[in-house]
Structures are given as structure tokens and as C-alpha cells.
Amino acid sequence: MSQPPLTARTQAKAERRGVLLQSAATLFAQRGFNGVSIEDLGAAAGVSGPAVYRHFNGKQALLGALLVEVSEDLLAGGRAVLTATLENGPSLRALIAFHVDFALCKPDVIRVQDRDFDSLPDAERGAVRSLQRAYVELWVEVLGRLFPDRPIAVRRVQAHAVFGLINSTPHSVQLHGHPEATARSVLENMAWAALMGV
């Protein structure tokens, strides 16, 4: 069933929500969840503090929406990659490229996830964990097709290790001023080499 067309008001509301999520990612990454107020979030998005409540029930709900939605996007993107690339080697390379792109485009969200995950409400924390487990299993499945003799526990450890490598590197790469194309190539090659080893 097709969605009804967006009205100007609905579209403006969706855009404002998106701006709030982006502002939250930036501010939470800079100051930490506890160092940001509703007024700070509103000001960064160009609205008053109380106007934030038209979109979210509070700061914790905003954090929950930010991390759940990015986890949903990550899983959906990973699935789309595997649907588009059916051969195992190219599938793994495409997954690596997809995750590198995610890390380079969303370093603030990664920083928020690492530091403020425990500030999530229980339901959102469970949702994020479930979505991220499903994303890991995409990698485990592809690695299993490439290396059928490799134990599943080893494949999971490798996937998590590669996520750690990719997710942490953009912060130091950006600080040292490397061009993004160079950072992308280095990250993709390092991840590939890590996954090819035992």
C-alpha cells in the first residue's frame, strides 16, 4: 500500500525532526549525553527548548531514536549490499566498503554509541542490541560461505574486531588531516586483510 503524499506541514515536521537528530548527534558527541540540555538541543536545531517536545518526549527519547534509527539503517544497508552482490568475495568487499562509508559519514553517532549507550532506556537498548546482532550475523554468514571450516565463534570475533578497527579509525584519521579517499582505501584494505587471516 502506497504512503499518502506528504503535506508541507508533515514534510516540515519530518525535516525538523531530522535536524534535531543531527544536532543531538553532534552535541552528544562533543559534550556527552549528560552535558547537553534540552535547551541546547533546541538552540542547535533553531527552535526553543520546549519545541523539542513536539518531536520527542525528552532528551533520552531523542538519544533512543538516534541510536535505534542508525542501527536500523545499518542493518537495512547491509542487507541491501548482500542482495545486490551475490558472489561471496565481492559481497564481503561490498560490506566492508559500506561499513567504512558509514564510519566516515557518521563518526559522531559512533562516538555517542560508544560513550552514551548506557543512557538509553531499556527498550531502546534492547532494540539496538538486537539490530546490531542481526547486522553482525550478515558478516558471519558471508565469512562462513568464504571459509566454511572457520568456526562461527571465530567469524563473530573477526566481525567485531573489524567493526572496532573501522569505527575507531575515522576519529584519528580526521584529526591528522588525511584526505577521505586515502582514509577509505586504507580502512578497506586493512579490514579485508584482517578478515582473510585466521
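Remember, it's a predicted structure, so these values are computed and weren't measured experimentally.
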Which heavy-atom pair separates L195 from F147 by the least distance, and what is that distance? O-CE1, 3.9 Å
Any side-chain heavy atom of D73 sitting closer than 4.5 Å to one from F102? no
Using every non-hydrogen atom in the two residues, find where A25 and D108 come nearest and quote the distance to one decimal. O-CB, 3.6 Å
Is there a path of hydrophobic side-chain contacts, each under 4.5 Å between heavy atoms of I, L, V, M, F, W or Y residues, that connects V142 with M196? yes
Are any of the side-chain heavy atoms of L143 and N88 separated by less than 4.5 Å? no
Does D116 come within less than 4.0 Å of R111, counting only side-chain N to carboxylate O? no
Are any non-hydrogen side-chain atoms of L138 and L75 less than 4.5 angstrom apart? yes
L92 vs W192 side-chain heavy atoms within contact, under 4.5 Å: yes
Between the side chains of E124 and R129, is the shortest nitrogen-to-carboxylate-oxygen separation below 4.0 Å, so that they form an ion pair? no
How long is the straight-line distance from OG of S168 back to CG of L187, given to the nearest 0.5 Å? 8.5 Å
Output for pair (L66 CG, L21 CG), nearest 0.5 Å, gives 6.0 Å
For a quick test of reading the model, state the closest non-hydrogen atom pair linking G89 to L146 and the distance between them. N-CD2, 3.9 Å
For atom CZ of R145, decide whether the heavy atoms of other residues, nucleotides or ligands shown that lie under 6.0 angstrom number more than 12. yes
Which heavy-atom pair separates A159 from V136 by the least distance, and what is that distance? CB-CG1, 4.3 Å
The reported gap from CZ in R125 to CG in D118 (rounded to nearest 0.5 angstrom) is 6.0 Å
Trace of the salt bridge (charged side-chain N to carboxylate O under 4.0 Å, His left out) decision for R93 with E87: CA-CA 10 Å; R93 282 218 179 259; E87 293 181 36; over 6 Å; no
State, yes or no, whether a side-chain contact exists between R156 and I152 at a heavy-atom distance under 4.5 Å. yes
Considering non-hydrogen atoms only, spot the tightest contact between F56 and A65 and give its length. CE2-CB, 3.6 Å
When every non-hydrogen atom of L86 is compared with those of T83, the smallest separation belongs to CD2-O, 3.8 Å
Chi angles and distances behind the side chain to side chain contact (heavy atoms under 4.5 Å, CB included) call for V162, W139: CA-CA 10 Å; V162 165; W139 290 68; 4.2 Å; yes
Give, for atom CG of L131 and atom CG of L67, the distance between the pair rounded to the nearest 0.5 Å. 11.0 Å
With heavy-atom distances below 4.5 Å as the criterion, would you say the side chains of Q60 and L120 are in contact? no
Evaluate the criterion side chain to side chain contact (heavy atoms under 4.5 Å, CB included) for residue pair F117 and L63; output intermediate values, then yes/no. CA-CA 9 Å; F117 182 78; L63 176 66; over 6 Å; no
Please assess I38 against Y53 for the test side chain to side chain contact (heavy atoms under 4.5 Å, CB included), listing each intermediate value before the final yes or no. CA-CA 9 Å; I38 284 288; Y53 292 103; 3.6 Å; yes
If you define the side chain from C-beta out and look only at heavy atoms, does anything of D101 sit under 4.5 Å from R184? yes
Hydrophobic cluster identity match, I110 and L104, side-chain contacts under 4.5 Å: yes
Spatial distance of atom CG (L74) from atom CZ (R79) [nearest 0.5 Å]: 11.0 Å
Step-by-step side chain to side chain donor-acceptor pair (under 3.5 Å) determination, D40 to S37: CA-CA 5 Å; D40 294 332; S37 68; 3.1 Å; yes
Lys/Arg-Asp/Glu bridge criterion (N-O < 4.0 Å) met for E137, R133: no
Go through the steps to decide whether R54 and R16 satisfy the test side chain to side chain contact (heavy atoms under 4.5 Å, CB included), and finish with yes or no. CA-CA 10 Å; R54 295 183 196 145; R16 180 67 66 199; over 6 Å; no
Pairwise distance CZ(F98) to OG1(T85) - rounded to 0.5 angstrom: 11.5 Å
Any donor-acceptor N/O pair, R115 side chain to A29 backbone, under 3.5 Å: yes
Heavy-atom distance under 4.5 Å between the side chains of F163 and H99, does that happen here? yes
